[in-house]
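Down below is the structure, laid out as structure tokens.
Quick caveat: nothing in here was measured; it's all calculated off a predicted structure. Note that these values count all heavy atoms, side chains included, but never hydrogens, waters or copies made by symmetry.
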Amino acid sequence: MSTQSRGLFGRPRRLHAVRRATHERRKAMPLTLGLIGSGMIGSSVARLAVAAGLKVVLSNSRGPETLADLVTDLGEQARAATPAEAARAGDLVVAAIPLNACGHLPAEALAGKTVLDTANYYPERDGHLAELDTGELTSSALLQRHLAASRVVKAFNNITPHQLFSLARPTGAPDRSALPIAGDDPEAKAAATRLLDVLGYDAVDIGPLAESWRSEPNTPVYVQPYLGEMPAMSVEAFFEWTLQTPGIVVPAAQVGKLIETAVRRPAGEARIPNDD
């Protein structure tokens, strides 16, 4: 593998370059990243953040004690907490949980915070939601309604966990990939852009939350560009397959073109990748 990673949570040598290259930019960045949800995407974000020198406060729905192994692996820059504690501690907060769990996010603790939303709407998992099925709202707009006192930014939702980790590159690297973001608050999007930069990605602003569907399932920029040709397989086999796939570089210009070609389809038709 070109990234020389050791599996999903190995530390590729390229991340040492990310750490060195981001040292100065980190001074202008929030120093603590709160994570609500520590599954595959949350763990990948946490590892990139630690590699970039940020502090991480991890949480999940099962309690801080269940995160002991991950915290030990991440080192002294990480600690475990409850979701409300992670929300209060984070200068930025990443909500890396399924859409059907977003109603449990601690709205009061997240008031005034920028919240990066990684969720996608899959009716087979989340149940059908009429406002999403009809296109009246996007899933991130629905979350923004729940977190009325927060600033929601859609991010990290269109790439698989291993590729999020393995494709990270320093600023200016010729093989740097980009990820789309969407949000209604310009300052929140600027903060999200700085975070993505520190973690190893360029950001492509695709507009307000009403346009965030352009990076969701059933769109050209969703998952496939970062993986290439994908064989038909079950969900379980698909995620196992991604662990053996180094990923494909998708630069900002390509992301922009893919976003422009997106055609909105009923959100209720979305399926988990390769659930054939």
Side-chain angles (χ1 to χ4, degrees), residues 30 32-46 49 55-71 74 78-133 136-161 164 181-185 188 191-192 195 209 212-213 215-217 235 239 267-268 270-272:
T32 301
L33 185 66
L35 278 153
I36 300 178
S38 300
M40 292 188 290
I41 285 289
S43 295
S44 290
V45 172
K55 294 181 180 178
V56 173
V57 181
L58 300 154
S59 69
N60 62 18
S61 61
R62 299 184 302 280
E65 65 281 358
T66 66
L67 295 168
D69 290 345
L70 179 57
V71 168
L74 289 171
R79 66 180 177 90
T82 67
E85 290 167 342
R88 293 189 180 96
D91 297 304
L92 290 177
V93 180
V94 176
I97 60 176
L99 181 64
N100 61 14
C102 285
H104 299 295
L105 287 171
E108 182 178 351
L110 289 167
K113 302 281 186 174
T114 293
V115 179
L116 279 65
D117 169 33
T118 76
N120 290 301
Y121 174 44
Y122 292 114
E124 64 196 282
R125 179 196 64 194
D126 303 316
H128 279 277
L129 302 171
E131 291 171 302
L132 302 188
D133 287 344
E136 179 181 348
L137 291 176
T138 62
S139 61
S140 289
L142 187 67
L143 177 60
Q144 180 67 85
R145 188 171 69 184
H146 173 61
L147 301 178
S150 304
R151 299 176 296 273
V152 172
V153 178
K154 190 79 164 184
F156 302 121
N157 69 297
N158 71 311
I159 188 169
T160 41
L164 173 61
I181 63 169
D184 296 338
D185 185 283
L195 176 64
L209 294 179
S212 61
W213 63 267
S215 69
E216 293 180 343
V235 175
F239 282 108
R271 303 182 68 191
I272 296 173

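- At a threshold of 4.5 Å between non-hydrogen side-chain atoms, the residues Glu85 and Val57 do not count as touching.
- Under the 4.5 Å side-chain criterion, counting only non-hydrogen atoms from C-beta, Ser139 is in contact with Lys154.
- Residues forming a side chain to side chain donor-acceptor pair (under 3.5 Å) with Ser212 (at least two apart in sequence, or on another chain): Thr138.
- Smallest separation of non-hydrogen atoms from Pro217 and Asn120: CD-OD1, 3.4 Å.
- Between Leu209 and Asp117, every side-chain heavy-atom pair lies at or beyond the 4.5 Å cut-off.
- Residues Ile41 and Pro161 form a side-chain contact, since some pair of their non-hydrogen atoms from C-beta on lies under 4.5 Å apart.
- Side-chain atoms of Arg151 come within 3.5 Å of backbone atoms of Gly112 as a donor-acceptor pair (strictly under, hydrogens ignored).
- A donor-acceptor pair shorter than 3.5 Å can be found between the side chains of Tyr121 and Asp133.
- Remark: Glu131 pairs with Arg145 by the side chain to side chain donor-acceptor pair (under 3.5 Å) rule, at least two apart or across chains.
- The number of heavy atoms from other shown groups lying within 6.0 Å of CD (Glu108) does not exceed 12.
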Worked check of side chain to side chain contact (heavy atoms under 4.5 Å, CB included) between Asp126 and Leu132: CA-CA 11 Å; Asp126 303 316; Leu132 302 188; over 6 Å; no
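- With sequence neighbours excluded, no residue satisfies side chain to side chain donor-acceptor pair (under 3.5 Å) with Ser150.
- Side-chain atoms of Glu124 do not come within 3.5 Å of backbone N or O of Gly127 as any donor-acceptor pair.
- Thr32 places no side-chain N or O within 3.5 Å of a backbone atom of Asp91 that could act as its donor or acceptor partner.
- Here the OG1-CG distance, from Thr114 to Leu116, works out to 7.5 Å after rounding to the nearest 0.5 Å.
- At distances below 3.5 Å, not a single donor-acceptor pair connects side-chain atoms of Thr118 with backbone N or O atoms of Asn157.
- Atoms CG and CG, from Leu99 and Leu129 in turn, are 6.0 Å apart once rounded to the nearest 0.5 Å.
- The shortest side-chain heavy-atom distance between Cys102 and His146 does not fall under the 4.5 Å cut-off.
- Between the Ser38 side chain and the Ser43 main chain, no donor and acceptor come within less than 3.5 Å of each other.
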